[in-house]
Each structure stands twice: as structure tokens, then as C-alpha cells.
Amino acid sequence: MTPSELLDYDRRHLWHPYASLSSPPPVHLAVSASGPRIRLADGTELVDAVASWWCVAHGHNHPAIVEAIRRQSERMSHVMFGGFTHEPAIELARRLAAIAPAGLDRVFFADSGSIAVEVAAKMAVQYQRAAGRPRRDRLVALKGGYHGDTCCAMALSDPDGMHTLFRGIMPRHFFAERPAVPFGAAWEADGFASMLRVVEEHGDEIAAMICEPVFQAANAMWFYHPEYLREMRRLCDERGILLIFDEIAAGLHRTGPRWAHDHAGPGAAVPDILCVGKALTGGAITLAATIASGRVAETISAGRPSAFMHGPTYMANPLACAAGCASLDLFAAGDYAAHAARIEARFRAGLAPLRALPNVAEVRVLGAVGVVELRAMPRAEDVRRVILETGVWLRPFANFVYSIPPFTTPDADLDRIVGALAAVAALPPGPPPEDGDFHE
Ligand SMILES: *Cc1c(COP(=O)(O)O)cnc(C)c1O
């Protein structure tokens with residue numbers, strides 16, 4: 001098929017994320033990608049300023065990851081994980097245990113971030129049941145959070161966010177207000193008050209707390225004070241509640257240190273369960289992991305059933321695990337905190353002047369994340385024009401235009417990204433999204 005025939009078939013038959021099938025927004029036909037660039041069928045090259053939804057940590061098609069998948073594919077692409085195990089899974093679990101916070105070394109491989117969150121929630125409920133607290137079968141999450149698109153993960157995401165349509169099929173959980181004290185500001189005495197109230201009222205029903213530590217990504221693009229995490233840890237210890245950190249977006253150096261919760265200080269806010277995804281395979285193939293402490297695993301295993309009740313078909317797929325090993329080897333061999341610091345400095349300097357623009361509400365930068373919060377999103381066609389004119393791929397949503405680039409993006413491309421963000425920020429505001437329409 002010619003490129004235009006391919007696009008025509010796509011338009012009529014393929015769903016895209018958060019898109020209509022009757023009036024789909026235009027899509028680009030990508031044919032190859034390497035380093036920070038994506039190449040289109042017509043020869044256009046775009047700098048990927050969003051690391052293809054934040055997973056392409058080392059640049060597209062990193063040769064070490066491609067080679068790891070190729071080598072594994074020649075031996076064994078897949079084998080069921082029920083009744084079998086294999087070296088790629090064991091090696092990846094070892095690498096994860098080595099970099100996870102102390103005490104977390106029991107690994108469950110899931111096929112996507114959303115599933116890793118579902119698994120964490122199920123672990124929490126099974127843990128409480130095994131510990132003799134069967135009434136504790138709900139979680140408390142934060143407003144402004146995002147934990148994925150499957151039902152349980154949606155139910156833990158901002159209750160007024162993009163998932164309100166599905167309230168009827170979602171389990172009900174509890175929510176604390178969005179952590180209001182910004183990262184870098186002075187902590188305020190009542191900064192944790194809302195969570196204290198929720199636990200005061202419902203503590204006996206709560207199996208676990210879940211949050212995206214420090215960086216609320218897909219719903220709020222918000223950086224908050226790490227003291228919040230220390231308060232969470234203290235309260236969880238006091239009340240026998242498990243603490244789940246969803247580091248699917250923020251983990252693996254996205255905010256600077258390896259884990260976003262490291263901002264709280266060494267050992268100061270260690271979770272009982274950690275979810276990792278996105279950058280885990282460096283953007284080559286889908287894989288996520290839910291890593292639990294020995295205490296969680298042993299308590300579940302002492303209960304009835306002693307089995308942990310989850311097991312996807314493609315669990316611990318060997319190709320994905322091989323990619324994960326290669327990606328974590330790249331993280332280990334490089335200085336990714338330094339990459340994040342380099343990107344942070346570039347974004348801080350480049351984006352600061354945008355604060356003066358009339359349509360800019362706020363500019364926020366932490367690690368390898370640069371966010372421009374607009375007062376109103378420009379028209380989609382104007383944003384598309386900026387993308388083609390600047391050659392920088394952006395994917396704004398709600399009122400945010402942002403960059404979360406591959407860590408290896410060279411300075412010259414970072415400057416082009418800053419230029420593209422500036423061009424979007426300077427566009428006239430578009431009309432408000434139609435009632436009931438989701439702006440993606
Ligand atoms: C992206 C994301 C998820 C969901 O991951 P998928 O792989 O898209 O299912 C969950 N939690 C956070 C914090 C995320 O950013």
C-alpha cells in the first residue's frame with residue numbers, strides 16, 4: 001500500500017489513544033526512529049520531545065537493546081511463566097532488586113504499567129486479608145494522580161479527571177486532596193491535613209495508600225514537596241497501611257535521582273510496593289514490574305490462598321525481559337542523574353522567559369521534565385503547524401505543553417525543543433474544549 005492508502009485505512013479502521021474514529025485527528029506515518037528522532041514516510045524528521053510517552057529513555061532503537069532482543073528471539077521468544085522460568089526474567093529481577101529501595105526484592109512482572117498498578121492493589125488487599133484484616137479492601141489515592149487506564153488503575157486516578165465517564169464500573173476508593181505544597185517551597189504544617197482526615201475517618205477500611213511520588217504526571221504535571229512522602233510513611237506505619245509508590249513515570253531518573261522518592265532523603269520514605277514501567281525497557285517493548293518487600297510477600301504467602309492471585313498470559317515475556325536487562329545495563333553504565341541535571345538546567349534557562357507570555361500560567365521544571373502550563377490550549381491545527389515548522393514532536397494535553405525527552409537528547413535538540421515549546425506558548429488561546437470532549 002502507498003503511504004496515503006495506509007493512512008486512509010488507518011483513518012477508517014484503527015483506534016488511536018483517546019481519539020474518535022469518526023473524526024480522528026491526523027496522524028503521522030512513522031517509518032523508522034533512532035536516537036532522539038522519528039522519521040516519517042515523507043522523509044520528515046521529528047525530534048521526539050516526549051520520548052514517545054516517556055519510555056524512550058536512551059533514544060529510539062538503541063543498538064544494545066535491539067541486539068538483546070534479537071539474540072533472545074533466536075533462542076526463545078516466549079514460554080509461559082506458569083511452570084517455567086528463564087534467565088532473562090531472573091536476570092532482570094536481580095537487576096531490579098539491586099536498584100530498588102532496601103528490602104524490596106520480590107518481583108512480579110506485568111505487561112504494562114496499568115497492570116502493574118492492578119497487581120499492587122491486589123497485593124495490598126491480599127496482604128491485609130492474610131494479616132487478619134479482611135475489611136481493609138479499599139485504597140486511598142491522591143487527587144491529581146494518574147495510575148493507568150484499566151478499571152482498577154482508573155479508579156485510583158483523579159476522580160474528576162479523564163475517567164469520570166466510567167464511574168459506574170469502577171471500584172470506589174478514597175481520595176486526599178492534591179498535595180498543595182510545591183517541590184522546592186517551604187513545607188507547611190497543614191500540608192498533609194487532608195490525608196490525615198481521610199485516614200482518621202476510614203483507616204479501618206484502607207489496605208494501602210498509592211501515589212506518584214513527587215511528580216504527578218499524566219493528570220496534573222505537578223511537582224510536590226517530598227515531606228509529603230515522609231508523612232505518608234509515618235502514617236502508614238502507625239495505622240498498618242501499606243504504601244505503594246507508582247514510579248512508572250517518575251522512576252529511573254526522570255526527576256533526577258533514580259527514584260522520585262529519593263528526594264525525601266535516603267531511606268526516609270521507602271514504600272512497601274513499588275511499580276516500575278515505561279523506561280524499564282527503554283521504550284523497546286511493553287513491560288512493567290511490581291516489586292514488593294519480603295514482609296508483604298511472606299504475609300501474603302502465609303495467608304489463604306497462599307498463592308498470589310494474578311498471572312497474565314505473557315507474564316515475564318523473555319524478549320521484554322531481555323530488553324529490560326539491556327536498558328537497566330545502560331542506566332547502570334551511564335550517569336543518568338547528570339543527564340537529568342543537564343536537561344533541567346537547559347529547560348530552566350530556556351523556559352523561564354515564557355512566564356512573561358500572556359497565555360502562560362506557570363512554568364515548572366524538575367529533572368528531565370519541562371512543563372508549560374497554559375491558560376488555554378491553542379487550536380490543535382496551530383499546534384500541528386508548530387510541530388511541522390519546528391520539526392519537534394510535542395503531545396500537549398489539557399492545558400499542558402511539555403517535554404519529557406530521551407535522556408540522551410543532545411543540547412542542540414534540547415534547544416529546538418525549547419523553541420517549539422515557546423512557539424506553542426506564544427500561540428493565541430483556542431476555544432474551550434466542547435462540553436464532554438476530552439482534550440488530548
Ligand atoms: C503511564 C502510567 C501508568 C500506566 O502505564 P501503561 O503502561 O500506559 O499502562 C501508570 N502510572 C503512571 C504514573 C503512569 O505514568
Side-chain angles (χ1 to χ4, degrees), residues 1-56 58-63 65-67 69-70 73-74 77-78 111-114 148-150 162 165 218 278 281-287 313-314 317 319-320 323 377-398 401-406 409 413 416-417 420 423-424 427 430-431 433-434 436-440:
M1 282 203 266
T2 66
S4 77
E5 286 166 346
L6 289 167
L7 284 169
D8 186 55
Y9 191 89
D10 180 280
R11 191 159 46 245
R12 286 180 292 118
H13 297 279
L14 275 73
W15 296 105
H16 282 265
Y18 291 96
S20 157
L21 204 49
S22 67
S23 55
V27 293
H28 301 287
L29 185 58
V31 291
S32 67
S34 61
R37 310 289 168 96
I38 303 167
R39 267 172 292 279
L40 309 184
D42 66 3
T44 306
E45 274 197 359
L46 297 177
V47 172
D48 189 353
V50 295
S52 282
W53 271 339
W54 327 342
C55 59
V56 179
H58 323 285
H60 285 274
N61 256 35
H62 192 287
I65 300 176
V66 172
E67 177 59 16
I69 294 174
R70 193 193 59 76
S73 71
E74 287 171 357
S77 299
H78 187 62
D111 22 22
S112 71
S114 303
D149 279 6
T150 56
M162 53 177 114
L165 180 62
K278 289 200 163 94
T281 67
I285 185 169
T286 181
L287 183 69
T313 307
Y314 280 94
N317 172 258
L319 298 178
M377 186 55 74
R379 288 174 190 280
E381 55 270 30
D382 289 345
V383 174
R384 276 197 287 278
R385 193 166 34 78
V386 168
I387 289 169
L388 291 175
E389 281 171 8
T390 59
V392 173
W393 172 242
L394 298 170
R395 179 81 180 171
F397 69 96
V401 60
Y402 70 92
S403 175
I404 296 187
T409 305
D413 284 335
R416 285 179 57 189
I417 290 171
V424 172
L427 289 170
E434 271 173 52
D437 215 10
F438 181 73
H439 198 151
E440 231 288 352

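Numbers here simply count residues along the sequence, with the first being 1.
Going from atom CG of D10 over to atom CH2 of W15 covers 12.5 Å, rounded to the nearest 0.5 Å. Atom CG of D48 is separated from atom CD1 of I404 by 11.0 Å, given to the nearest 0.5 angstrom. Taking CG from L21 and NE2 from H16, the interatomic distance works out to 9.0 Å, rounded to the nearest 0.5 Å. The line from OG1 of T44 to NE2 of H28 is 8.5 Å long, rounded to the nearest 0.5 Å.
The aromatic rings of H78 and Y314 lie tilted to each other, with the angle between the two planes from 30° to 60°.
In terms of heavy atoms, G148 sits closest to S114 at CA-OG, 3.3 Å. When all heavy atoms are compared, the tightest approach of L7 to V27 is CD2-O, 3.8 Å. Minimum interatomic distance between T286 and S112 (heavy atoms only, all atoms of both residues): OG1-CA, 3.8 Å. Residue G59 comes nearest to P406 through the heavy atom pair N-CB, 3.8 Å, listed as atom of the first residue, atom of the second, then distance. Listed here is the closest heavy atom pair of A30 and L40: CA-CD2, 4.1 Å. Closest of all the heavy-atom pairs between I285 and L319 is CD1-CB, 4.2 Å.
Take N61 and apply the side-chain hydrogen bond (donor to acceptor under 3.5 Å, both in side chains) test, not counting sequence neighbours, and it matches no residue. Legend: residues meeting ring-ring contact (aromatic ring centres under 6.0 Å, His included) with H58, ordered by chain and number and at least two apart, are F331, Y336. Remark: P3 pairs with L29, A41 by the side chain to side chain contact (heavy atoms under 4.5 Å, CB included) rule, at least two apart or across chains. Residues passing the side chain to side chain contact (heavy atoms under 4.5 Å, CB included) test with D149, sequence neighbours excluded: Y18, Y146, H163. For the side-chain hydrogen bond (donor to acceptor under 3.5 Å, both in side chains) test, residues two or more places apart in sequence or in another chain that qualify with R37 are E45, D413.
At least one side-chain heavy atom of V47 sits less than 4.5 Å from a side-chain heavy atom of I417. A heavy-atom distance below 4.5 Å is not found between the side chains of I65 and T281. Inter-residue side-chain proximity for L287 and N317 is flagged as unmet; no heavy-atom pair is nearer than 4.5 Å. At least one side-chain heavy atom of R39 sits less than 4.5 Å from a side-chain heavy atom of S34. Under the 4.5 Å side-chain criterion, counting only non-hydrogen atoms from C-beta, T409 is not in contact with R416.
A donor-acceptor contact shorter than 3.5 Å is absent between the side chain of S52 and the backbone of V56.
Looking only at atom types and distance, the side chain of S20 has a donor-acceptor partner in the side chain of S22 under 3.5 Å away.
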Indicate every side-chain donor-acceptor pair of residues 377-385 with a distance under 3.5 Å to a residue at least two apart or in another chain.
from : atom 1 : to   : atom 2 : distance (Å)
D382 : OD1    : R385 : NH2    : 3.2

